[in-house]
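Worksheet: one structure, shown below.
The first residue of the sequence shown is numbered 1, and numbering continues consecutively from there.
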Amino acid sequence: MRSLSRLLSAIVVTGAAPLAAQAVRYEVAVTAPALQLYHVTAEFPATGKDTLYLSLPAWSPGAYEIQNYARYVRGFGATSAAGQPLFWDRFDKDTWRVVTGKSARVTVQFDYLADTIDLSLARLTGDFGQFLGTNLFLFEEGQPRRPAEVRFRLPAGWQVTTALPSGGNGVYRAADYDELADAMTFVGRFTLDSLQVDGKWIRIALWPATDYTPAVSRNLRSGIERMAQAQNRLMRGAPYDVYTVFFNVIHEPIEFGGGLEHSSAQYDIMPAQAFASPDGALGDFMYPLLSHEFFHLWNVKRIRPAEMWPYDYHAEQFTPLLWWSEGVTDYYADLTNIRAGLWSPEQFIQNVNDNIQQVEGAPEPWSAEDGSVATWINEVYVNSSQLYYPKGSLLGMLLDISIRDATDNAHSLDDVMRALFTRYYRQGKGFATTDLLAELRAAGMPDLDTFYQRYINGRDSLPYDAVFAKAGISVARNTVSVPFLGIATGVASGGGGALDVHSVTPGSSADAAGVLAGDVLVSVGDITVAPDQDWAATFRSRYRGRAGQPLAITVRRGGQVVTLNTVLRERSSARITISRAAGLTPKQRRIWQGLATGL
């Protein structure tokens, strides 16, 4: 199939018609929201072709997970320009083969099921819907540069907010398929606000509208304005004309919150209790989430690993550089928050401590590059695809301090980021590991080859003590013991507020008790287990220091409630914590101020 794409790409270069004539025309309709179905119509140019190969992406850039969006399609059909049915069949998992019958244009229609809360999936619920371009918009193989027009047919009173630029008269346009696929869209009834930052418009589209209270509005607008200003100063201007923050506040039980970046937008999902308090104070994760997705405007949407330039929408695109694209973006999100005055220095240091605990708490050593490659498989034992966020952030900070120390704060990681933007993105290409190392070396990173082999490609413990001291940050090491139950859980497939046991760690308290994967966890000791509470933290706090004491674990197994008896076990680890030191030297002070202010 990939050879087919390359062949089609080669064929397209001859006999090109004007771009307007080649545009693909889409219509997205919502006729019965209760059925949770989008109806999609797409009209493709077909002159001179006997067969069209039309595909839906298997994944969305930024969400490194194969979703196979074609699985949500039903009622597929194709007709000629005269309205006559055309023969079609499935060519592979995400491609339909349509015989054109010599028609100048071919129209396909289908329904798309939109019933899941997810950052890269479509949803329709009540009087609201959202989707990503990769969900609904078919593309013709070999035609990635073809422009597109999109129209909507929606219930009365529904509005549209999309990342696509408007062409007037209810038509939205995309210059090519990458822009179309990347377009986040809200339809229905939601709130829409806007503000101007450095002469560029930023919109806030939020559902449900009732969650956008005056207090939330003030805090969200202020935070967005300050973080956008800080990042624009760093990168010397905004890379967009209009940027949209699409936000869903979820009032039903969910186990996650997060965001997905786009070229001129971000889409965020947060559970209501983590979004804002009743008085409008934003949750602790809100600023880190927003600033992380904002900085993706540069790092990964534009400064992109060479292995993902161009995008291949059919299959995984493995790269060893996601520690940089995601983890170093996390570092710059934290720098944004302190430089914008949204965080105190103490909050910044505490976040670094949290990153250290996540990295050092991993059950076995792993490399940042391996974690980047493994992101596609969602490892069960050591989920390094999640850990490359905190480890990449720490690597960014270590590199930044090292460069500032070696150059007496004349250069920094900021210079590297700007160089990658100028020398790679603006030149229309991705960057490889060798390119990144060259830019780090040019910025003044000392002994870079050793650092790379030991800490990025290698599995050595990160050099906290030696490097953090250069910025006046002290490192303390203490041995701590915590209760260790040894189970991984998830919300039970049948719902009902239960947690299934997914796996049991050998040698743990749960393993000794005889807990099995597939059990439904009811209680641990005197703690009732519930998916909407942090029962595990309560367990660790209540049972700390009680190793060797009896512990009862109650589960439901095969329809029966079973109580399993064991003894409490603990796991010891060296806990590393950092803090700002007193009595800084002038150089340490300059380096810290450089980090905290960007100056």
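- Scored by the salt bridge (Lys or Arg N to Asp or Glu O under 4.0 Å) test, Arg203 finds no partners at all (sequence neighbours excluded).
- Under the salt bridge (Lys or Arg N to Asp or Glu O under 4.0 Å) criterion, the residue pairs touching residues 155-181 are Arg145-Asp176, Arg145-Asp178, Glu149-Arg173, with sequence neighbours excluded.
- You'll find the ring centres of Phe137 and Tyr177 outside the 6.0 Å limit.
- A side-chain contact (heavy atoms from CB on, under 4.5 Å) with Phe247 is found for one member of Ile204, Leu206, Thr191 and no other, namely Leu206.
- Closest approach of Ile202 to Ala228, counting heavy atoms only: CD1-CB, 3.9 Å.
- Each salt bridge (Lys or Arg N to Asp or Glu O under 4.0 Å) pair with one or both residues in residues 29-48, not counting sequence neighbours, appears once here: Arg25-Glu43, Glu43-Arg105.
- Judged as a salt bridge (Lys or Arg N to Asp or Glu O under 4.0 Å), the pairs with a partner in residues 368-382 (not counting sequence neighbours) are, in order, Asp370-Arg459.
- Residue pairs that meet the salt bridge (Lys or Arg N to Asp or Glu O under 4.0 Å) test with at least one member in residues 123-133, sequence neighbours left out, are Arg123-Glu252, Asp127-Arg189.
- Salt bridge status for Asp449 with Arg441: present, with a side-chain N to carboxylate O gap under 4.0 Å.
- A 4.5 Å side-chain heavy-atom check between Val40 and Val108 finds every atom pair outside the cut-off.
- With sequence neighbours left out, Tyr424 forms a ring pair (Phe, Tyr, Trp, His ring centres under 6.0 Å) with no residue at all.
- Val328 and Gly396 get closest at one heavy-atom pair: CG2-CA, 4.1 Å.
- Here the rule is ring-ring contact (aromatic ring centres under 6.0 Å, His included) with Tyr72, and of Tyr38, Tyr112, Phe110 only Tyr112 fits it.
- Partners of Arg97 according to the salt bridge (Lys or Arg N to Asp or Glu O under 4.0 Å) rule, which considers only residues two or more places apart in sequence or in another chain, are Asp89.
- Between Phe186 and the options Phe131, Trp207, Phe128, a ring-ring contact (aromatic ring centres under 6.0 Å, His included) holds for only Phe128.
- The nearest pair of heavy atoms linking Ser55 to Thr95 is OG-OG1, 2.6 Å.
- Here Phe295 pairs with Trp298, Tyr332 under the ring pair (Phe, Tyr, Trp, His ring centres under 6.0 Å) rule; sequence neighbours left out.
- With sequence neighbours left out, Phe152 forms a ring pair (Phe, Tyr, Trp, His ring centres under 6.0 Å) with Tyr172.
- Residues meeting the salt bridge (Lys or Arg N to Asp or Glu O under 4.0 Å) test with Arg423, sequence neighbours left out: Glu439.
- Considering CG of Leu195 and NZ of Lys200, their distance stands at 14.0 Å, rounded to 0.5 Å.
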Stepwise, does the side chain to side chain contact (heavy atoms under 4.5 Å, CB included) test hold for Met235 with Leu297? CA-CA 10 Å; Met235 296 303 293; Leu297 275 167; over 6 Å; no
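- A heavy-atom distance below 4.5 Å is found between the side chains of Tyr64 and Glu326.
- Judged as a ring pair (Phe, Tyr, Trp, His ring centres under 6.0 Å), and not counting sequence neighbours, the contacts of His296 are His292.
- Contacts of Asp268 classified as salt bridge (Lys or Arg N to Asp or Glu O under 4.0 Å), with partners at least two apart in sequence or in another chain: none.
- Nearest heavy-atom pair, Thr162 versus Ala183, reported as atom, atom and distance to 0.1 Å: OG1-CB, 4.3 Å.
- Contact check for Leu322 versus Met308: side-chain heavy atoms found under the 4.5 Å cut-off.
- Neither side chain, Asp94 nor Tyr313, offers a donor N or O lying under 3.5 Å from an acceptor on the other.
- In this structure, the side chains of Glu293 and Val245 stay at 4.5 Å or more apart for every pair of heavy atoms.
- Using modelled atom types, one finds a donor on one side chain and an acceptor on the other under 3.5 Å when comparing Thr134 with Ser60.
- Side-chain contact of Tyr243 with Gln266: a donor-acceptor pair under 3.5 Å is present, judged by distance alone.
- For the atom pair CG of Leu387 and OG1 of Thr375, the computed distance is 11.0 Å after rounding to the nearest 0.5 Å.
- For the pair Trp201/Gln196, a side-chain contact is recorded, criterion being any heavy-atom separation below 4.5 Å from C-beta on.
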